[in-house]
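Not measured: the values here are computed from a predicted model.
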Amino acid sequence: GREFKPLNLICMAAAITGLDRAFLQSISSLGADVFYVQRNSWINENTEGIWLQAQKRRPIRLAEAEALGSQLQLASVAPVATDSGDSVKYKDRSASTAFIIGTTQEYLDTSGVTVAQGRFLTAADAEGGRPICVIGSEVATNLFRGEPPIGRKIKIEDQSFEVVGILEKQGTMLGWSLDNRIIVPLRQFLAEIYSRPEVEIHVKVKGLVQLDEAREELRQTMRHVRHLSPNQPDDFAINQQDQIVDRFHRVTGRIAVIEFVPEKGGHRNQPELQIAQAQATAWMAAAGLAPVEAFDLFNDKWFVIYGKR
């Protein structure tokens with residue numbers, strides 16, 4: 001089963017007003033006007049059965065993201081691939097927990113990030129130019145310790161990437177630091193870091209008043225791109241922030257547990273720091289709690305909400 005590290009279990013008592021506010025503020029970085037096209041839905045009513053069924057779906061590939069971007073009229077599109085646990089170094093310093101994102105210049109628009117120093121990716125970078133990267137403020141602090149990062153080269157695995165930009169500090173979302181990430185051109189990501197990732201597609205609508213229309217345009221275009229016949233169900237999910245907000249307000253008295261899946265987290269080679277999800281569920285059961293919701297927000301994390309039975 002999925003596993004959780006005991007030292008990193010992040011728990012929130014959702015019935016407490018202050019934590020309610022913190023939770024909603026935390027997910028605000030997802031963007032109310034952004035859709036996330038992924039293989040899995042973030043919300044699984046039947047945690048095990050629906051998740052397993054979704055795993056049989058075809059992965060989303062880069063060619064589909066590119067086709068989608070060329071056909072949508074009401075939105076901008078950024079393909080995104082991610083990885084974690086890679087070796088990241090500058091001189092004798094390392095940042096092995098940094099989250100690596102491979103994407104294009106459109107990510108600046110779909111993600112809402114702001115560049116504090118330097119610049120973001122350009123179209124030329126995305127098309128396969130020299131290996132460059134934009135780093136979060138936490139990565140900059142951990143690796144450079146006061147040295148100016150712009151123009152310096154860091155190593156991700158065995159490939160050197162020149163730092164061309166530093167992002168504004170963003171804080172955390174659901175226990176994950178938004179400042180501990182490194183953004184590289186997608187084609188460099190595929191060539192040097194991870195050749196067959198599961199791609200997700202971030203789609204930013206050009207206006208909130210067009211949200212419903214844009215969602216249906218996105219759904220129909222994605223069906224066309226994936227060559228689905230009229231009688232076939234969607235084999236992809238379109239996720240958005242409202243799903244989480246709606247479910248959050250339905251139930252109170254809950255505890256949320258967020259953790260890396262073992263093969264993706266920083267402790268993937270340290271089983272002594274991992275606890276199976278079944279064990280976490282057993283602990284919750286002893287406290288009178290049972291799983292009520294499961295969200296697939298990230299490829300490398302599980303997010304399970306427990307509530308009173």
Looking at [Y], is its backbone amide N or carbonyl O close enough to the side chain of [X] to form a donor-acceptor pair, meaning the two atoms are under 3.5 Å apart?
X      : Y      : result
Gln188 : Pro185 : no
Arg187 : Gly128 : no
Glu157 : Ser87  : yes
Glu216 : Glu213 : no
Ser177 : Thr172 : no
Arg215 : Ile238 : yes

> For Arg58, does the CZ atom have more than 12 heavy-atom neighbours from other residues, nucleotides or ligands under 6.0 Å away?
Replying inline: yes

Is there side-chain contact between [X] and [Y], with heavy atoms separated by less than 4.5 Å?
X      : Y      : result
Arg61  : Glu66  : no
Thr110 : Val203 : no
Glu64  : Phe236 : no

>> Testing Asn142, Asp86, Asn180 one by one against Thr97 for a side-chain hydrogen bond (donor to acceptor under 3.5 Å, both in side chains), which residue passes?
In response: Asn180

> Step by step, would you call Glu198 with Gln38 a side-chain contact (heavy atoms from CB on, under 4.5 Å)?
Replying inline: CA-CA 9 Å; Glu198 182 157 336; Gln38 298 164 305; over 6 Å; no

> Do Asp179 and Lys169 sit within salt-bridge range, that is, some charged N less than 4.0 Å from a carboxylate O?
Replying inline: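 Judged by the 4.0 Å cut-off on N to carboxylate O distance, Asp179 and Lys169 do form a salt bridge.
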
>> Go through it in stages, so that I can follow the logic: the residues are Val134 and Val164, the test is side-chain contact (heavy atoms from CB on, under 4.5 Å), and I'd like the CA-CA distance, side-chain angles, deciding distance and then a yes or no.
In response: CA-CA 6 Å; Val134 179; Val164 298; 4.1 Å; yes

> How about Gln71 and Thr221: does a side-chain donor come under 3.5 Å of a side-chain acceptor?
Replying inline: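 Checked: Gln71/Thr221 side chains show no N/O donor-acceptor pair below 3.5 Å.
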
> Would you say the side chains of Arg181 and Gln170 form a donor-acceptor pair under 3.5 Å?
Replying inline: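 A donor-acceptor contact under 3.5 Å links the two side chains.
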
Please find the pair of heavy atoms, one from [X] and one from [Y], that lie closest to each other, and give the distance.
X      : Y      : value
Gln159 : Pro131 : NE2-CG, 3.5 Å
Val163 : Phe144 : CG2-CZ, 4.1 Å
Asn239 : Trp42  : OD1-N, 2.9 Å

> Same cluster for Val225 and Leu186 if Ile/Leu/Val/Met/Phe/Trp/Tyr side chains link at under 4.5 Å?
Replying inline: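 No, it is not one cluster - the side chains of Val225 and Leu186 are not joined through contacts under 4.5 Å.
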
Pairwise distance [atom1]([X]) to [atom2]([Y]) - rounded to 0.5 angstrom:
X      : Y      : atom1 : atom2 : value
Asp33  : Lys206 : CG    : NZ    : 13.0 Å
Met222 : Arg219 : CE    : CZ    : 12.5 Å
Gln105 : Ile183 : CD    : CD1   : 12.5 Å
Tyr36  : Ser41  : OH    : OG    : 14.5 Å
Ile193 : Thr82  : CD1   : OG1   : 11.0 Å

> So which pairs with a foot in residues 55-84 pass ring-ring contact (aromatic ring centres under 6.0 Å, His included), sequence neighbours left out?
Replying inline: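 As it turns out, there is no ring-ring contact (aromatic ring centres under 6.0 Å, His included) pair with a partner in residues 55-84 once direct neighbours are skipped.
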
>> Using the rule given for side-chain contact (heavy atoms from CB on, under 4.5 Å), can you reason through Ile101 versus Val80, listing the C-alpha separation, both sets of side-chain angles and the distance that settles it, and then say yes or no?
In response: CA-CA 7 Å; Ile101 298 173; Val80 176; 3.9 Å; yes

> Could you walk me through whether Glu106 and Val77 pass the side-chain contact (heavy atoms from CB on, under 4.5 Å) check?
Replying inline: CA-CA 6 Å; Glu106 286 90 356; Val77 175; over 6 Å; no

> Which of parallel (below 30°), tilted (30 to 60°) and perpendicular (above 60°) describes Phe120 and Tyr107?
Replying inline: parallel

